[in-house]
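Before any comments, here is the structure.
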Amino acid sequence: MAKVAREMVEKSGVNVDELVAKLVRAASAEFTTYYYYTLLRAHAIGFEGEGLKEIIEDARLEDRNHFEALFPRIYELGGDLPRDIRDFSDMAACADAYLPDNPNDARQLLGVLVEAERCAIRVYTEICDMTFGKDHRTYELALAILNEEIEHEAWFSEFLGEGPSGHFRRGTPGESPYTSRFLVVPNGHN
Amino acid sequence: MQYLAVAYTRDIPAGRVYPVLVGGRELILVRDGQDNVYALDGLCPHRHLPLAGAEVWKGVLECPWHHFQYDVRTGENLYPRRVYPAQLAARLGDHVRPLRIYPVRTVDEQIQVGMPEAGGTPRFP
Ligand code: FES
């Protein structure tokens with residue numbers, strides 16, 4: 001635990017235990033989404049699926065990066081992750097992104113993806129609201145992740161025909177343009 | 001059915017829930033976007049956690065714990081029900097149960113919630 005770092009956050013009026021609980025639920029959502037997006041990407045096949053595959057892959061790898069970027073902050077603030085992965089996955093801040101009944105239906109697939117991103121946007125907006133002007137490090141981290149989740153939503157929503165996202169493509173898969181600076185392990189995306 | 005006075009209309013904040021204890025039951029009062037007030041169970045059916053910190057936007061209530069969403073008028077689960085596979089319904093059905101709703105009437109700015117008389121049957125969906 002980073003003792004003084006936690007103390008400063010407490011002094012600023014943030015309920016640190018509540019914040020840590022939110023970060024753990026967010027980390028769980030990233031971890032479980034990474035798993036579910038693996039299935040969704042694997043099933044993105046055929047004419048429409050092939051087009052979707054690349055953005056699912058970016059979102060999938062970036063969600064894994066979000067987990068990687070989040071967990072050190074949990075420990076710094078005196079929190080920890082559950083010993084049992086089943087307990088951990090049950091805590092996820094968002095519903096499971098299950099493979100739809102008909103994975104060959106791109107609209108069904110996209111429905112799951114876009115809703116998962118929308119949930120993530122709500123989660124990180126909440127953390128940003130809670131930490132803004134108080135816990136600068138968590139705020140910056142949550143904001144970086146929020147930037148990427150917003151992009152993910154826009155990609156999937158564009159594919160659903162809800163309008164342009166302005167997105168072109170990542171330089172490399174799962175580049176995490178906002179979150180990569182928080183990653184401890186170099187990802188070669190500098 | 002007996003109606004119990006639980007709050008004044010001015011107590012219910014826009015976009016937030018107003019928790020009340022009625023007959024030993026935790027309920028929440030919420031507004032939809034049009035000043036109608038609704039009374040719903042105060043515990044989310046997903047993991048039975050309190051909805052006290054939930055947000056309401058355009059008639060949709062969002063649980064603060066795992067962000068499940070409910071229609072405040074009917075209590076129906078909107079998300080994740082709309083993306084959960086029907087094939088897993090037997091296992092996931094419990095996760096997407098509706099929120100119980102209670103009848104509400106407003107008398108002179110006073111919000112009254114209808115509760116079953118002792119021994120009566122609750123009017124739940
Ligand atoms: S307890 Fe409400 S969404 Fe999980």
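Lettering follows sequence order; numbering is per chain, from 1. Just so we're clear, the structure is a prediction, and the values are computed from it rather than from any experiment.
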Measure distances from B/Glu55 to the heavy atoms of chain A and classify the residue's part below 4.5 Å as side chain, backbone, both or neither.
-> neither
Most chain B-contacting option - heavy-atom pairs closer than 4.5 Å, from A/Ala95, A/Ala97, A/Cys119 | A/Ala95
Closest approach of A/Ile85 to A/Phe31 (non-hydrogen atoms, all atoms of both residues) | CD1-CE2, 3.7 Å
Can you say whether A/Asp90 sits under 4.5 Å from chain B via the side chain, the backbone, both, or neither, judging by heavy atoms?
-> both
Output yes when a side-chain donor or acceptor of B/Asp41 lies under 3.5 Å from a complementary backbone atom of B/Leu27, and no otherwise.
-> no
A/His152 and A/Arg118, any side-chain heavy atoms less than 4.5 Å apart = no
Should the pair B/Arg10 and B/Tyr8 be classed as cation-pi, given the thresholds of under 6.0 Å to the six-membered ring centre and 45° from the axis?
-> yes
Would a 4.5 Å heavy-atom cut-off, applied to side chains only, mark B/Pro103 and B/Val113 as touching?
-> no
Bottom line for A/Gln108: the part with an atom under 4.5 Å from chain B's heavy atoms is neither
Residue from B/His46, B/His67, B/Gln69, B/Arg47 scoring the most non-hydrogen pairs under 4.5 Å with chain A is B/His67
The interface call for A/Arg25 against chain B, heavy-atom contacts under 4.5 Å, is side chain
